[in-house]
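Everything below concerns the one structure shown next.
Worth knowing before you read on, the calculation uses all heavy atoms, side chains too, and leaves out hydrogens, waters and symmetry mates. Chain letters run A, B, ... following the sequence lines, proteins first and then strands; every chain starts at 1.
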Number of protein chains: 2
Amino acid sequence: MTFDKTRSAGYLANHLARLFAQHLAAGIAPLGLAPAQFMALLELWREDGLTQAELCARLDVEQATMAGTLGRMARDGLIERRAHPADRRAQTVHLTDRARALEAPATEAARAVNARALAALPEAERAPFVASLHRITEEMRRRKP
Amino acid sequence: MTFDKTRSAGYLANHLARLFAQHLAAGIAPLGLAPAQFMALLELWREDGLTQAELCARLDVEQATMAGTLGRMARDGLIERRAHPADRRAQTVHLTDRARALEAPATEAARAVNARALAALPEAERAPFVASLHRITEEMRRRKP
DNA sequence: GCCACTTGCATAGCACGCTATTCAAGCCGT
DNA sequence: ACGGCTTGAATAGCGTGCTATGCAAGTGGC
């Protein structure tokens, strides 16, 4: 039996994620955003003034990755880093007005991508699919390689 | 209404793909393989002597991406490129013995990752989940951004 | 037969992921 | 108060994805 990629959850997850990233990138590029920046903004819109470490934990990415993303966001005028009031090692990350103004259009673009993607499934299968995605993701995250 | 990432198919697909990539990378690193190289091998194990363009089409990645992956694979002694017999622009990609020997252990590692991941779902939900993944992927691939 | 379009690859530049390393600052037990 | 572990962040190096270019070789129409 050869390995059938069209039935491999891992292969399909990779392919699907690339497709989502392409669609999302196209949707938010006009706003001057890249996908990873949008993810970081998602957290910052909920709660401003997080530290880099907190962002890492919430998005489950490595610290070095987040440092790069935040660097690009600062360069692009989306965030400002300020000294942490209580810990001189840490910095807090704050949204600029420009970033705050992007919340509505950016989340709208993301919602549109999700809607168009899920349209491929019969309505009754959408919620179970997303639930399964969530379930597997949480499990794999718990017991990392 | 704020955007809930834990219910966003796109967000979850990205997260899941990163987790799969980490698990797979850990599983095949001892073989000297990286995830994208494994994907290319998957096609070459089925049919040796493909051109770069054919590999791109089958894996749905851009030509420039494949050029990079094949370059690393040639560097690592996994493939050889030969002149195409009929088209002087093209090259055909051929497996080395080393790459051929990796088929069994590498596919086994990938299968193990899939199995462990799907173990998070009740048995009855696994097939529908993979089917949905496949369905959405195919649809999104058809009508690209 | 020639010029224009297409096609196969390489390359450069950038975004993101990861690991590994380094450094400063906080924390702790003795 | 000290020496040692932990923690927050930057940096370097690498793999993988993308777009955009550039060039050589094939193809077609006239």
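A:Leu19 places its CG atom 12 Å from the P atom of D:dG17, with the value rounded to the nearest Å. Taking atom CD1 of B:Ile79 as the reference point, atom C1' of C:dC9 lies 13 Å away to the nearest angstrom. Rounded to an integer number of Å, the gap from A:Arg18 CZ to C:dC16 P is 17 Å. Between B:Leu70 atom CG and D:dG15 atom P the separation is 14 Å, expressed in whole Å. The nearest whole Å value for the distance from the CE atom in B:Met73 to the C1' atom in C:dA10 is 18 Å. Atoms CZ (B:Arg88) and P (C:dA10) sit 16 Å apart, rounded to a whole Å. Taking atom CD of residue B:Gln22 and atom C1' of nucleotide C:dC16, one finds them 13 Å apart after rounding to whole Å. For the pair A:Gln91 CD and C:dC23 P, the computed distance is 18 Å after rounding to whole Å.
B:Arg81 has no side-chain polar atom (N or O) that falls below the 4.0 Å cut-off from OP1 or OP2 of C:dG8. Taking 4.0 angstrom as the limit, A:Arg72 places none of its side-chain polar atoms (N or O) nearer than this to OP1 or OP2 of C:dC14. In this structure, B:Thr65 does not reach the D:dT16 phosphate: none of its side-chain N or O atoms is under 4.0 Å from OP1 or OP2. Phosphate proximity of C:dA10 to B:Gln52: present, with a side-chain N or O under 4.0 Å from OP1 or OP2.
For the atom pair CG (A:Leu59) and CD (A:Glu43), the distance works out to 4.5 Å, reported to the nearest 0.5 Å. In this structure, NE2 on A:His15 lies 9.5 Å from NE2 on B:His134, to the nearest 0.5 angstrom.
For the pair A:Asp87 and B:Thr92, nearest-nucleotide mapping onto DNA chain C gives the more 5' position to B:Thr92. Positionally, the nearest nucleotide of DNA chain D for B:Arg75 lies more toward the 5' end than for the other of B:Arg75 and B:Asp60.
If you check every strand for non-hydrogen atoms under 4.0 Å, A:Ala21 touches nothing. Within 4.0 Å of A:Glu62, counting heavy atoms only, lies at least one base atom of the nucleic acid.
Here C:dT11 is the nucleotide among C:dA15, C:dC9, C:dT11 with the atom lying nearest to any side-chain atom of B:Ala64. You'll find that the side chain of A:Ala90 is closest to D:dA9, out of C:dG17, D:dA25, D:dA9. Of the candidate nucleotides D:dA9, C:dT7, C:dC18, C:dT7 has the atom lying nearest to any side-chain atom of B:Arg89. Of all nucleotides listed (D:dA25, D:dG17, C:dT11), C:dT11 comes nearest to the side chain of B:Ala67.
Look at B:Arg135 and B:Glu139 and you find no salt bridge, because none of the NZ, NE, NH1 or NH2 atoms lies under 4.0 Å from a carboxylate O.
The closest donor-acceptor contact from the side chain of B:Arg116 to the backbone of B:His23 lies at 3.5 Å or more, if one exists at all. Between the side chain of B:Trp45 and the main chain of B:Leu102, no donor-acceptor pair closer than 3.5 Å is present.
On a pure distance criterion of 3.5 Å, a polar donor-acceptor pair joins the side chain of B:Gln63 and the base of C:dA10.
Put simply, the side chain of B:Leu133 does not reach to within 4.5 Å of the side chain of A:Tyr11, judged on heavy atoms.
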